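To start, the structure under review is shown below, and the notes come after it.
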Amino acid sequence: MKSKLIFAAVLCTCLFGSLFAEEVPDSEMQHTFVMIGADHAYDLNPYTANYSAEAQILTGLYEGLYSYDPKTLDPVPALASDYKLSRNKKRWTFTIRQGAKFSNGEPITAYSVRDSWLTLLATEGAPYASLLDPIRGAEDFRMGRIKSDGVGILARDEKTLVVHLEMPTAHLQRILCHHAFSIVSSKEGVYSGAFVLASSEKGKLELKKNPNYWDAEHVYLPAITIESSNDLKENAWKVNTGRADWVSGMVETVAVLNKNAIRIAAEYGTEYLFFSCKNAPWNNADFRNALIAAVPWAELRKDSLVQATTLVYPLAGYPAVEGLEDTSIEDAQDLMALAKEKAGMSANQKLELTFGITGSQRMKKEVELLKAAWEPLGVEVKVQTTPEERYLLSIPSWNADLFSYSWIGDFADPLAFLELFRDGSTLNQSKWQNKDYNRLLKEAAETNDAVEHNRLLADAERILLDDGVVLPISHSVCLHVVNPATVGGWYTNALDIHPFKYIYFRADVSTVPNIVRR
């Protein structure tokens, strides 16, 4: 959903509340739901939004042909009621749901879907647009090489959308759950999801239930207030006193009275550093690998709850990939000397590397560690900073050599990570290119054999690591405070997405003392 920054501040170990059995929500109990998240300037354009905090909101405001199951994150039919797949797996025919409407009452049709996807492909800087590249002509259209009528997205009539693919794409339904592929009206303030944006002001968003939503009968909350606050103590006080129903990340857990409300879980995400391959000599794998050999991995990762040696979080069924964890200054010096010799440089030539950071204490610490590690190799690390809220947007045009990134997979498949480095991908910030890597991703997307799919992707990740593009640091951990005794429909999951559509209030059966109830 995501690049996506992780704001969780894990301050203590905790108990996990058990999930309750399925129940029918009591309509009389439903009222405005209050969520608190990190202070953040939201981009609520589904085509360009890039953060997990925005994904949480956009899955409530917009909907596509599929949406996420709140427990498993499997694709659930949304604006598509049915589909048919051709024998060669290269033609998908979707049936648009009867009665589907935008929030202003206008019908959602196959033409609406086509227009939305073409607009996404034509939007400059849309990070997820290249995920539609398996569609015939999609890449050529977004690159400006053909017109829209050459794209294999066809509306046969108002209820029938036909999508022609260049190659079989077994994970297409999973991709289509993402907010970037939502159905978007050309009219401002009109939405396709379960909620509409009623008001927006600094530090607060107000969402109201969309009465024209096709499944409004099963949307239980009448309204949602989303507040922004980085005050950990105040946020704990608000949840203790019933002024907040869900705090995401920004909370002092030791101050939370009901420890059963604290949810800490591993996410399908990774924090890492990556090289930009624009400038010499760092566009050369020999020089990158010389630096990587000197990285003090133990020190770099020591504050991580879940240390990462690979880019891809190891899912069940994904073959083991040997990660990056060995440190040897002697090996690094030998590799650097050889790299300089092959490049025709003198052995004592000084090199400069620019590290682009936000100025946070965590990134400053990373800079100091790498400076000390790389100085014996004749490398001077220089620093350029930009405010955190502009960091990700600045990377494509920033002439630096090393960046920090956090990514949460948008669907439960290693492709969700490996797409970040595919040549031609709109998510490829590094500009790294490798034909063998691209070939393996293509073959993995085409096969319907899950074992072979994972084997091919593991081979691709090995190429990425061998080429010295990424420096994995940690796998993401999410922190939330939400009371299972009073809130239903909220489930811990790997992508840390919790669709508002399913959330509801239940009768409070908590036995925890000293908690003020509404």
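One is the number of the first residue; the rest follow in order along the sequence. From a predicted model like this one, the values you see are computed outputs, not experimental measurements.
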Aromatic rings [X] and [Y]: how do their planes relate, parallel, tilted or perpendicular, breaks at 30° and 60°?
X    : Y    : value
W432 : F421 : perpendicular
F500 : F195 : perpendicular
H40  : Y42  : perpendicular
W490 : H498 : parallel

Are a donor atom and an acceptor atom from the side chains of [X] and [Y] found within less than 3.5 Å of each other?
X    : Y    : result
Y220 : Q30  : no
S81  : Q98  : no
E54  : H179 : no
D43  : T48  : yes

* Enumerate the residue pairs fulfilling salt bridge (Lys or Arg N to Asp or Glu O under 4.0 Å) with a member in residues 195-212, sequence neighbours excluded, ordered by first and then second residue. => none

* Can you list every salt bridge (Lys or Arg N to Asp or Glu O under 4.0 Å) pair that touches residues 218-232, not counting sequence neighbours? -> E227-K238

Are [X] and [Y], when compared by the centres of their aromatic rings, separated by less than 6.0 Å?
X    : Y    : result
Y313 : H475 : yes
F403 : W398 : yes
H31  : F505 : yes

Short side-chain to backbone donor-acceptor contact, [X] and [Y], under 3.5 Å:
X    : Y    : result
Y437 : L418 : yes
K259 : T253 : yes
N428 : R422 : yes
R114 : L161 : no
T95  : T93  : no

* To do: Take K431 and D423 through the salt bridge (Lys or Arg N to Asp or Glu O under 4.0 Å) test and state the conclusion after the steps.
  => CA-CA 7 Å; K431 305 307 176 187; D423 184 20; over 6 Å; no

* Between V312 and Y268, is any pair of side-chain heavy atoms under 4.5 Å apart? -> yes

* Hey, which of T123, T426, D133 is the one that makes side chain to side chain donor-acceptor pair (under 3.5 Å) with R142? ->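 So the option named by the test is D133.
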
